[in-house]
Structure formats: structure tokens, C-alpha cells
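A short write-up of the structure that comes next.
Every chain is numbered from 1 and lettered A, B, ... according to where its sequence line falls, protein lines coming before strand lines. FYI, side chains are in, hydrogens and waters are out, and symmetry mates aren't considered; it's all heavy atoms of this structure.
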Amino acid sequence: MGSLKPVGPESNEQQGSGFFATRADFLINWSRKNSLWPMPLGLSCCGIELMGLLGPKFDLARFGAEAARFTPRQCDLLIVAGTLTWKMAQAARTIYDQMPDPKWVVAMGVCSSSGGMYDSYSVVQGIDSIMPVDVYVPGCPPRPDAVIDAVLKLQKKIEREDPLGRLIGPATAPRPEEGTGKLVFQPNQGLPKGAWDKHAHDPKSRLAIGDPLPRKTEVKP
Amino acid sequence: MSDANATASAPRFVAALGSLPHCVSQSPDGPVVEVELAQLKDVLRALRDRAGFEMCSFVTCIDHYPSEPRFALHHQLLSFEHNDRVRVRCVLPGENAPTCTDLWPGANYMERECFDMFGVRFEGHPDLRRLLMPDGYDHYPLRKEFPHHGIEPDKLYREWDRARREQWTEGAQ
């Protein structure tokens with residue numbers, strides 16, 4: 001999709017001393033993906049692994065995502081770590097709504113991914129019932145390595161996004177039921193995922209500089 | 001040890017109950033006093049004041065559905081001084097029971113949980129709200145007829161979500 005390349009004479013000694021030319025898309029995505037600020041929503045034992053992840057041993061700071069803030073207003077990555085009950089679901093959704101766009105969600109562990117072993121009346125059977133999820137992490141609880149892998153996968157996903165699509169693209173056009181108060185909620189019906197992902201099912205695809213941007217299919221009003 | 005005395009003869013607290021009608025039996029984990037609902041509060045008070053049971057370990061309920069009456073209330077009491085325990089079992093004719101929070105303030109949350117899970121109304125409880133399930137939930141999950149997957153577990157969330165969206169659209173207009 002792009003790269004940071006020095007522009008100027010080809011000689012080695014002058015490389016890096018000039019200026020860089022790149023695409024705005026690439027630059028925005030590059031800065032977004034390397035400074036994710038996680039909002040840790042530790043709900044059960046996955047929260048302990050999350051502490052280990054943010055600690056010095058696994059050190060998520062190596063990937064630019066160590067600045068855990070405990071107010072959703074300053075975060076753009078929601079890590080739901082643990083069992084989400086229906087009683088907690090309203091609070092979790094409120095936290096998600098309070099996070100400023102752009103924002104991403106990681107479902108850490110099987111409980112938040114699918115309800116896990118809590119096939120029960122009190123547990124949300126997968127947090128995609130109430131919010132869109134970008135990366136699911138299996139494990140009970142997953143090791144911190146697995147969550148690092150999830151963050152790396154999320155970075156690749158952010159790389160493929162259409163950053164302005166969140167503002168002007170057709171994907172941001174409100175769905176017919178949204179905003180009308182008539183959105184019928186169905187449990188286990190996932191909300192649309194990767195709405196701004198340009199190549200959701202082709203992680204290897206990259207655009208070269210100058211390629212036309214692929215447009216998403218238009219949403220009929 | 002008083003435990004040895006308890007197994008050898010009648011438990012030591014029988015004298016404290018005096019003339020209150022009751023029935024003492026032995027379960028594998030200690031003596032059980034069975035009482036009627038009308039005498040429950042008096043028996044509990046006598047056990048606390050005269051037999052030295054300072055602590056109420058738990059208050060819980062057992063659902064014997066489909067037999068009637070279905071609910072049996074259990075109070076497990078512990079005496080630090082004598083190092084023994086007693087369980088008070090009371091079959092509830094309906095869904096009401098007297099509270100024991102005035103005897104043991106620690107029973108507050110246990111009675112709330114019992115109300116939340118079984119729907120037993122504790123008369124005189126200072127704050128009988130749901131403890132584990134959300135406020136406004138219509139069902140009692142530990143009753144035998146309650147299905148495992150629950151009855152509309154997302155109902156309250158849906159209502160909250162709908163009210164929130166309506167609020168947004170009103171604000172936009």
C-alpha cells in the first residue's frame with residue numbers, strides 16, 4: 001500500500017538526509033497502528049494475563065501499545081479480557097461508545113469470543129453480540145504471546161484500512177436502521193466487522209503507489 | 001471437646017431451645033434442627049443468645065420442586081466458643097420468610113442472594129434488592145424449572161439499548 005522511502009539522489013550518503021514522500025493513507029495508518037492505546041477491560045482471569053502482557057516481561061511497549069489508560073476517552077483499542085455477563089454488558093458497551101473513533105476491539109480469551117465454557121443464562125455468548133470485534137484470541141486464558149500476536153494482526157489490519165473512509169467513505173453511511181431507534185438487537189448476530197478494511201480476506205494484498213483505491217460496494221439507502 | 005459430647009448424647013444447644021417445638025436429627029456434617037416457620041425466628045434468637053452461636057455461616061435455600069412445599073430455608077450457625085455448628089432447616093409454606101439480619105448483620109448479602117436466586121422474600125430485610133442478576137430481571141435462576149440457557153438473558157440489555165438510541169434520535173431532532 002505504501003512505504004516510507006527517501007526521495008532524492010540515489011547515492012547512499014545522501015539517503016535519509018532529504019525528505020520522505022509517501023501516501024497520506026499509508027502515513028495515517030502507520031501512525032495509528034504503531035501507537036495503539038489499549039483500554040484494558042479485565043473481567044476475569046484473562047485480566048491477569050493482560051497485566052503480564054503490559055508488564056516488563058512481555059512488554060507490549062515493543063509494539064507501541066503499552067500506554068494503557070483507564071479512561072475510554074483516551075483509548076483506541078478495547079481489550080475485553082474475560083467473561084462478559086449480561087449485567088456487565090451495558091457498562092462494556094458504554095465504554096465502547098465513549099472511545100473516540102477510530103477504535104478497535106480485541107476479544108481476548110474464549111469467554112469474550114464465544115462465551116466459552118459458560119454456556120449459561122448470565123453470560124454473553126460472544127461480545128460480538130454487542131460490539132464489533134476485530135481480532136479474536138483463543139485460549140483459556142491465552143498466553144500473553146497470543147495477545148501480542150493479536151496486536152500484530154491488528155496492526156496488519158489497520159495497515160489495510162481506508163483511513164478517510166471513516167469520515168467520507170460509503171462504509172460510514174449509516175445503515176438504514178441505525179440512528180432511527182429501530183435497530184433490532186439480536187443476540188449472537190455479529191455487527192459488521194472490518195467495515196473500513198479494504199482487503200478483509202486477502203492479508204497479503206498491498207497496493208502500490210499510484211494504484212487506484214478500491215471502492216467498497218455502495219450501501220443502498 | 002464438645003464435639004465428642006454432642007455425638008455421645010443430645011447436642012448441647014437442646015437445652016437452650018427450651019419449650020420451642022423443634023426436631024433434632026443428625027446429618028453427616030452436624031446436627032440439624034427442624035422447625036416450623038412460625039418458630040424460626042425464636043429458635044434462631046435462642047440459639048444465638050442462649051447457646052452462643054455468634055456467627056451465621058450461610059443462609060441458603062433448597063428447591064424441592066416439584067414436591068410441595070418446595071422451598072426449604074437453611075441457616076448454618078457456628079459457635080467459636082464451643083467449636084460446633086448447627087443447621088436450622090425450615091420448610092417454607094410459601095415464598096416468605098423472616099429476616100435474620102437483626103440477629104446477624106452478616107446475613108444481609110446472603111439473604112439478598114437467596115432472594116435473587118430463589119425468590120424468597122425476607123420480611124424486614126433492610127435492602128432486599130437483587131445481588132447477582134441485573135435489577136429488573138423477572139426470573140429466579142436457581143429454581144428448578146428455570147432453563148439452563150435462561151429466559152431472555154439479553155432482554156434488559158435490549159431495553160437499555162433501545163432507550164439509549166431513542167434518546168439519541170430525540171436529541172438529534
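- Atoms CD and CH2, from E152(B) and W86(A) in turn, are 11.0 Å apart once rounded to the nearest 0.5 Å.
- With values rounded to the nearest 0.5 angstrom, D161(B) atom CG is found 9.0 Å from Q90(A) atom CD.
- Side-chain contact between I130(A) and Y157(B) is present, with at least one heavy-atom pair separated by less than 4.5 Å.
- Around the CZ atom of F58(A), the shell of radius 6.0 Å holds more than 12 heavy atoms that belong to other residues, nucleotides or ligands.
- Within a 6.0 Å sphere centred on NZ of K144(B), heavy atoms belonging to other residues, nucleotides or ligands number more than 12.
- Taking the side chain as every heavy atom from C-beta outward, R93(A) and R164(B) approach each other to under 4.5 Å.
- Distance NZ/K87(A) to CG/D135(B): 6.0 Å, rounded to 0.5 Å.
- Taking both residues in full, the closest heavy atoms of D119(A) and H149(B) are given as OD1-CE1, 2.8 Å, listed atom of the first, atom of the second, then distance.
- Only the backbone of L132(B) comes within contact range of chain A, with heavy atoms under 4.5 Å apart.
- At most 12 non-hydrogen atoms from other residues, nucleotides or ligands lie less than 6.0 angstrom from CD of E36(B).
- Counted within 6.0 Å of CZ on R62(A), heavy atoms from surrounding residues, nucleotides or ligands total more than 12; the atom is thus considered enclosed.
- Classified by interplanar angle (parallel below 30°, tilted 30° to 60°, perpendicular above 60°), the ring pair F146(B)/Y121(A) is perpendicular.
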